[in-house]
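Down below is the structure, laid out as structure tokens.
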Amino acid sequence: MPVVAKWPMADTRAVVDARLRTAFDTIEEGVDPVLRPSDRADFQANGALGLAKRLGRNPRELAEEVIARAELADICSVVEVSGPGFINLTLADGFLSAQVAVMAGDERLGIEAAPDPSKIVIDYSAPNVAKEMHVGHLRGTVIGDALTRTLAFAGHEVIRENHVGDWGTPFGMLIEHLVDLGEETAVAELSVGDLDAFYRDARTAYDASPTLQERSRNRVVLLQGGDEDTLRLWRVLVAESVAYFNEVYGKLGVLLEDSDVVGESSYNPMLDAVVEDLGERGLLVENDGALCVFPPGFTNREGEPLPLIVRKSDGGYGYAATDLAAVRDRVGRLGARRILYVVGAPQAQHFEMVFAVARMAGWLPDDVEAVHVSFANVLGPDHKMLKTRSGSTIKLVELLDEAVERAETAMAERQVDLDPSERAHVARLLGIGAVKYADLSTDRTRDYVFDWERMLAFDGNTAPYLQYAHARIRSIFRRSEIDHVDPATVPVVTDPFERALTVALLGFAPALGAMLETYSPSKLCAYLYDLATTFTSFYENTPVLRAPDEATRNSRLLLAELTARVLALGLSLLGIGVPDRM
RNA sequence: GCCCCUGUAGCUCAGCGGAUAGAGCACCGGCCUCCGGAGCCGGUGGCGCAGGUUCGAGUCCUGCCAGGGGCGCCA
């Protein structure tokens, strides 16, 4: 198939964009064709309008000139100027079928590995030791996991770092509570995952007893001073908590594991060096006994320069020091070319300051990117922020268990005929998938309304809908005699439903690109949902197994199978599994 | 007081400076001798307000209004 070799990428938009770019270049170097999907054609290029304005030319004439200079004959069936100077492009059916054949013949579905792979550190999840994981941790964990999987698929070397809160003043209180409970009782409580009760009881006792407060303060000093017995107790807290986190991660189905835990405490040995470095570069200013750096451009409420406090007046280190040490370590030791922080939006200014200081100190060179992948709040159905100490916090495990239960109930209502073990497995994929997808499908910078009913509803833009579309396709293949379509099949694209599905399939590469460009899983979700609806419409309106002839049948089977593969791959990149039956 | 984020249909959300602002839920109306009805086809309904920039603004700028968050020793 020479026609196939001409377009190695199954990224239709990129091919068209490149052709137009070449044509625009002959008129003026470096003009963006401004290629967009169009209602009136497959694509529209709007670049002629802006260029005409700059050159003082008639936009329609200029658009005509671009068309005349562009090599489009082999990929477009219709190219015309419309309106004030839009170039409307309709792709040639032969081009579409060749492109989709390339995609189908590729294990990676036409997604080329990044030409410039880089080492990326991604910091996400970060629960606190001896504290329950609640819905607030859902977003960071799920978004971080999706980005990790997708960046890795794109060919990058991704290093996960779970920056757990395992250090700081509360640990004096927590260790004393551990002592008061007795180690065995405490371990028993923690190992069953009742971190909430442990923390709450510790806090209650602490608040009520000045003696305990005194002991806690002393304990912090011992902990920071490296007292062996205190450290041992501290390690018990950490180990039990991490074991519990792993259980939650297992339920949630995310990649994080023990070796990814790089808690705040791991930077303790590097903190003195951070201060020394900053001192040597003359960046430190002593202020009321605290060592500060004043990055330019930050002011407090009085309009005075705002410090990043590296060392507190009592000699202790705050989280600014830890975060600086982490940057230094990730770039200096690990060789990260990019660092992603999947952390809530309220910390935006903190990260801006940390990055600014790290740049001033030379730890973060200009060619290393540091990005705060921020996400907004989780709101309750009442649109108020869900806060940890408000009493009515939802434990993450309970949320996940209920999601699975609801999936089971829904399956029971549909009288799904599966054996018990497969049934349980599918319920898990559906329930957990629904929770994850509900979170991922909303723009991460917007507040996310957590609503049981909506999240677990099995219609609309939800994971179960996508999973269902996938299962229906698998059912076609179970029903027919064939496992897979002959990979050499080149689909015929004539029927409007076939055509719409083909165009949708070819949107996969740009959709992944859009997700990675902006670190927005919601873009991939939107694409997958569009693909699923386009497929279902195709499937309802176009006979597949009962196609009029063998060639059409094979062609449609190919489109169906490819749809299933895109759905399965796309969802897996989001951390969501797909059952064959449901 | 200053800074950041958000404001799109009754509700939940898409909209990368371009043509008539799209979905889903809910509501209304069709489709079960037909490959899985957790579905398909169709309908009602909207850019917080006021200016400005632009050939063109939901998108960019300014002001206001509303909600949320942040603003030196908690993380």
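Below, read A as the first sequence line, B as the second, and so on, with proteins coming before strands; counting in each chain starts at 1.
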**Prompt:** Does the side chain of A:S537 get closer than 4.0 angstrom to OP1 or OP2 of B:rC41 through an N or O atom?
**Reply:** yes
**Message:** Check this for me: does any side-chain nitrogen of one of A:R21 and A:D32 sit under 4.0 Å from a carboxylate oxygen of the other?
**Reply:** yes
**Message:** Roughly how many Å apart are B:rG45 and B:rG24, using the C1' atom of each and rounding to a whole number?
**Reply:** 14 Å
**Asked** Any donor-acceptor pair under 3.5 Å between the side chain of A:Y468 and the base of B:rA38?
**Response** no
**Request:** Sort out the partner of B:rG58 for me: Watson-Crick or G-U wobble, both distances under 3.5 Å, none otherwise.
**Result:** none
**Request:** May I ask you to verify whether the side chain of A:Q467 and the base of B:rA38 hold a donor-acceptor pair under 3.5 Å?
**Result:** no
**Message:** Could you identify the nucleotide paired to B:rC71, looking across every strand shown and requiring Watson-Crick or G-U wobble geometry with both distances under 3.5 Å?
**Reply:** B:rG1
**Prompt:** With a 4.5 Å heavy-atom cut-off, do A:Y206 and A:E176 have their side chains touching?
**Reply:** no
**Message:** Between B:rU44 and B:rG48, how far apart are the two P atoms, rounded to whole Å?
**Reply:** 22 Å
**Asked** Using the C1' atom in both, what is the distance from B:rG67 to B:rU8, to the nearest Å?
**Response** 16 Å
**Message:** Does B:rC32 count as syn, meaning its glycosidic angle lies within 90° of 0, or as anti?
**Reply:** syn
**Message:** Tell me whether the side-chain N or O atoms of A:D530 pair up with the base of B:rA14 as donor and acceptor below 3.5 Å, since no angle test is needed here.
**Reply:** no
**Prompt:** Counting only Watson-Crick or G-U wobble pairs whose two distances fall under 3.5 Å, which nucleotide matches B:rU20?
**Reply:** none
**Any N/O donor-acceptor pair, A:T462 side-chain to B:rA38 base, under 3.5 Å** = no
**Request:** Under 4.0 Å between any heavy atoms, over every strand shown, what does A:P543 touch: base, sugar-phosphate, or nothing? Just pick one.
**Result:** base
**Fill in**
Here the distance between atom C1' of B:rG22 and atom CZ of A:R36, to the nearest Å, is 17 Å
**CZ on A:R219 to CG on A:L212, rounded to 0.5 Å** = 11.0 Å
**Request:** Taking the side chain as every heavy atom from C-beta outward, state whether A:Y341 and A:V327 have any atom pair closer than 4.5 Å.
**Result:** yes
**Request:** Quote, to the nearest angstrom, the C1' distance that separates B:rU53 from B:rU59.
**Result:** 14 Å
**Asked** Ignoring hydrogens and angles, does a donor from either the side chain of A:N377 or the base of B:rG68 sit under 3.5 Å from an acceptor on the other?
**Response** no
**Message:** Looking at A:R472, I'd like to know whether one of its side-chain N or O atoms comes within less than 4.0 Å of OP1 or OP2 on B:rA38.
**Reply:** no
**Request:** Could you tell me whether A:D39 atom CG has more than 12 heavy atoms of other residues or ligands within 6.0 Å of it?
**Result:** no
**Prompt:** Looking for any heavy atom pair under 4.0 Å, which part of the strands does A:F86 touch: base, sugar-phosphate only, or nothing?
**Reply:** base
**Asked** If you measure from the C1' atom in B:rC73 to the same atom in B:rU62, how many Å do you get, rounded?
**Response** 38 Å
**Message:** Tell me whether A:Y319 and B:rC74 count as stacked here, given that the ring centres must be under 5.5 Å apart and the planes must differ by less than 30 degrees.
**Reply:** no
**Prompt:** B:rC40 phosphate, OP1 or OP2: any side-chain N/O from A:Y465 under 4.0 angstrom?
**Reply:** yes
**Carboxylate-amine/guanidinium contact A:R423 A:D419, below 4.0 Å** = no
**Asked** Is any side-chain N or O of A:R301 closer than 4.0 Å to OP1 or OP2 of B:rC2?
**Response** no
**Message:** Side-chain N or O of A:S475 versus OP1/OP2 of B:rG36: is the shortest distance under 4.0 Å?
**Reply:** yes
**Asked** Reckon A:K523 has a side-chain N or O less than 4.0 Å from the OP1 or OP2 of B:rC16?
**Response** no
**Request:** Using heavy atoms to find the nearest nucleotide of RNA chain B for A:I473 and A:I309 separately, return the residue whose nucleotide is more 5′.
**Result:** A:I473
**Value rounded to 0.5 Å, distance of CD in A:E161 from CD1 in A:I339** = 9.0 Å
**Prompt:** Whole-Å distance between B:rG18 P and A:L62 CG?
**Reply:** 18 Å
**Asked** Looking for any heavy atom pair under 4.0 Å, which part of the strands does A:S374 touch: base, sugar-phosphate only, or nothing?
**Response** nothing
**Asked** Taking atom types as modelled and ignoring hydrogens, do the side chains of A:H134 and A:D196 form a donor-acceptor contact shorter than 3.5 angstrom?
**Response** no
**Item:** side-chain contact (heavy atoms from CB on, under 4.5 Å) partners of A:A202, counting only residues at least two apart
**Value:** A:M173, A:L174, A:H177
**Request:** Take nucleotides 3-10 of chain B nucleotide by nucleotide from the 5' end and write B, S or -, depending on whether a protein heavy atom sits under 4.0 Å from the base, only from the sugar-phosphate, or from neither.
**Result:** --S-SB--
**Prompt:** Which nucleotide, in any strand shown, forms a Watson-Crick or G-U wobble pair with B:rC40, with both distances under 3.5 Å?
**Reply:** B:rG30
**Message:** In whole Å, I'd like the distance from the NZ atom of A:K312 to the P atom of B:rG72.
**Reply:** 15 Å
**Complete:** To the nearest angstrom, the CG-C1' distance between A:L308 and B:rA75 comes to 13 Å
**Prompt:** On a whole-Å scale, what distance lies between the C1' atoms belonging to B:rG42 and B:rG69?
**Reply:** 44 Å
**Prompt:** Is there a Watson-Crick or G-U wobble partner for B:rG63 with both distances under 3.5 Å, and which nucleotide is it?
**Reply:** B:rC49
**Item:** B:rA23 and B:rA14, which share atom name C1', separated by this distance in whole Å
**Value:** 7 Å
**Message:** Using the P atom as the point on both nucleotides, what is the distance between B:rG7 and B:rG43, in whole Å?
**Reply:** 28 Å
**Prompt:** Does CG in A:D417 sit with more than 12 non-hydrogen atoms of other residues, nucleotides or ligands closer than 6.0 Å?
**Reply:** no
**Asked** Please give, in whole Å, the distance from B:rG17 C1' to A:L51 CG?
**Response** 16 Å
